[in-house]
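One structure is given below, encoded as structure tokens.
Labels below follow one simple rule: chain letters A, B, ... track the order of the sequence lines, proteins then strands, and each chain is numbered from 1.
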Amino acid sequence: MENILEVVGLNKKYENSDFSLKNVNLTVPKGVIMGIVGENGAGKSTTMGCILNTLIKDSGTVKVFGIEMTDKSTKLRDEIGVVYDVNPFPESLTPKKISSGMALIYSNWDKVLFKEYLETFTLPENKKIKTFSRGMTMKLALAVALSHKPKLLILDEPTAGLDPMVREDVLSLLLDFVQDENRSILFSSHITTDLEKIADYITFIHNGEVVFCDNKDELLYQYGVIRCKSSQFNKIDKTDILAYKKRSHQIDVLVANKKTAEKKYRDMVIDDANIEEIMLLIAKGDKSDDNK
Amino acid sequence: MTTSKPLKGLMMFSYYQRREVFLGVILLYLALGGAWLAFPEEKILIDALIQMPLMIGYIFIVGMGSIRNWEKYQIVMPVSRKTLVASQMISTVLGMILGFTIVTIFLFISSLVHGAILFNTRTIILFIEIFNISLLFVALTFIFSFLPVLKGKETLALILAFICSVVIVPGLSFLSGLTGLSSNIMVLLITILSVLTFFAAYVSCCKMYAKRDF
């Protein structure tokens, strides 16, 4: 499968901060929605920033359509649509003025398509952005990102703070975007249910490192959570434990192979794991000594 | 500095963001110019009018980095960081040039109405000095506001630049008196210095901007 985005050995350290991005590797094939999950401060936005060149990386390479992305890669950025979790546009502008300016900046800007998106999203063309609600500004940001016909969409927490109805609209639009299998989306969110709905692959970043990057369906199919008591916990082979969390009446144990665990530990309850649970157990849970 | 469609687009956004204040200043210009045409002997009016271009430059500099999300968004658009710096500096200088054009038009109308009495050496020297101060002010504000230590402190950068520019130009003019250099030559030298500082500011701002995280 051809890759639209390839990130290899990405490192970034901030001055006056202990946080650093450590050797991040990531590939986004054509026609795929890649979700990036992780707690706040895990490194999702730093990864996005290094990919988009808003942050200057210390080392590593970022290739878009096989070409290394630098400040001079303006033609590459013509093919990338970006949506942040905040309104990026000056509030004194109207959608119509944005369209006039963007038509000069993006070589593929389509005024008619932009107008169609405004109609689809029921956004007024001549009202100033300062009168828009959060949902409206996010829809406008999406309309702008899509109206220059990008091949790669990079979305940093685009659904944060949106009501369920708007979120649903946004997600269905993103699914439509990858329908032709030639375009891809890199989508960071800590709303894991959104990613479960639309992502094909999930990359989990924790403390600036990629913990896993897997096919979402395989991840949900393979991972499991054993709900057990302390006495049962001691019987579990420590090499099977990815992470565990002691709760008041039980211990939740994350295992990488649910089917094997079901055969091995027949007297224990083993549930399917969802993305949020996997993320929480790995980020907040304890590690068995054998798996550290 | 290249002229290209993206550069025009960025400058268009820069103008749209400041349009209301910009039009307000133009109205103030017209009012001041009208008052001066009516009372040509009031020197304070011509002095104020000639200093107005500084205000237009100020409009474009103020708020330059205040819309942080927009600044970050511009980086992801198909434009280089160099073009972003150029768009800010050119917008500011165009604003200033517009201001000077309006002043020149008023001087011209005034000379038609009242005779050429106001197109004298004093007015022309003051005009050139204000141009030099404006250009230096823009150049220094950009340099100061792009310095990593002054990141996010545009107002401080602005004040520092203003103090420096209003000290340097009259200071050098004063020196001409001490050295015996003719004031015309000194004005020419200061103009060359201002223009060179402006281009040096563009180069150094591009270098600083290239390393900045957003």
Ionic contact status for A:Lys12 with B:Asp213, cut-off 4.0 Å: yes
Pairwise distance [atom1]([X]) to [atom2]([Y]) - rounded to 0.5 angstrom:
{"X": "A:Asp194", "Y": "A:Thr159", "atom1": "CG", "atom2": "OG1", "value": "4.0 Å"}
{"X": "B:Cys164", "Y": "B:Leu136", "atom1": "SG", "atom2": "CG", "value": "9.0 Å"}
{"X": "A:Asn182", "Y": "A:Lys30", "atom1": "CG", "atom2": "NZ", "value": "5.0 Å"}
{"X": "A:Glu15", "Y": "A:Lys13", "atom1": "CD", "atom2": "NZ", "value": "10.0 Å"}
{"X": "A:Leu21", "Y": "A:Ile205", "atom1": "CG", "atom2": "CD1", "value": "6.5 Å"}

Pair B:Phe214 + B:Tyr73: ring centers closer than 6.0 Å: no
Go through the side-chain N and O atoms of [X] and [Y] and say whether any donor and acceptor fall under 3.5 Å apart.
{"X": "A:Ser73", "Y": "A:Thr70", "value": "yes"}
{"X": "B:Ser14", "Y": "B:Arg18", "value": "yes"}
{"X": "B:Thr197", "Y": "B:Ser194", "value": "no"}

Segment of B:Gln74 engaging chain A (4.5 angstrom heavy-atom cut-off): neither
Proximal component of B:Met77, with respect to chain A [non-hydrogen, under 4.5 Å]: both
B:Leu94 side chain reached by B:Leu98 side chain, heavy atoms, under 4.5 Å: no
4.5 Å side-chain heavy-atom contact, B:Lys82 and B:Tyr209: no
A:Asn25 side chain vs A:Gly9 backbone, donor-acceptor pair below 3.5 Å: yes
Who in [range] is close to chain B, using a strict under-4.5 Å heavy-atom cut-off?
{"range": "residues 93-124 of chain A", "result": "A:Leu93, A:Lys97, A:Ile98, A:Ser100, A:Gly101, A:Met102, A:Ala103, A:Leu104, A:Ile105, A:Tyr106"}
{"range": "residues 43-65 of chain A", "result": "A:Leu52, A:Asn53, A:Thr54, A:Leu55, A:Ile56"}
{"range": "residues 132-153 of chain A", "result": "A:Val144"}

A:Val82 versus chain B, the contacting section by heavy-atom distance below 4.5 Å: both
A:Ser92, part contacting chain B, at a heavy-atom distance under 4.5 Å: side chain
side-chain contact (heavy atoms from CB on, under 4.5 Å) partners for B:Leu188, two or more places apart: B:Ile192
Heavy-atom closest pair, residues B:Leu135 and B:Met96: N-CE, 3.9 Å
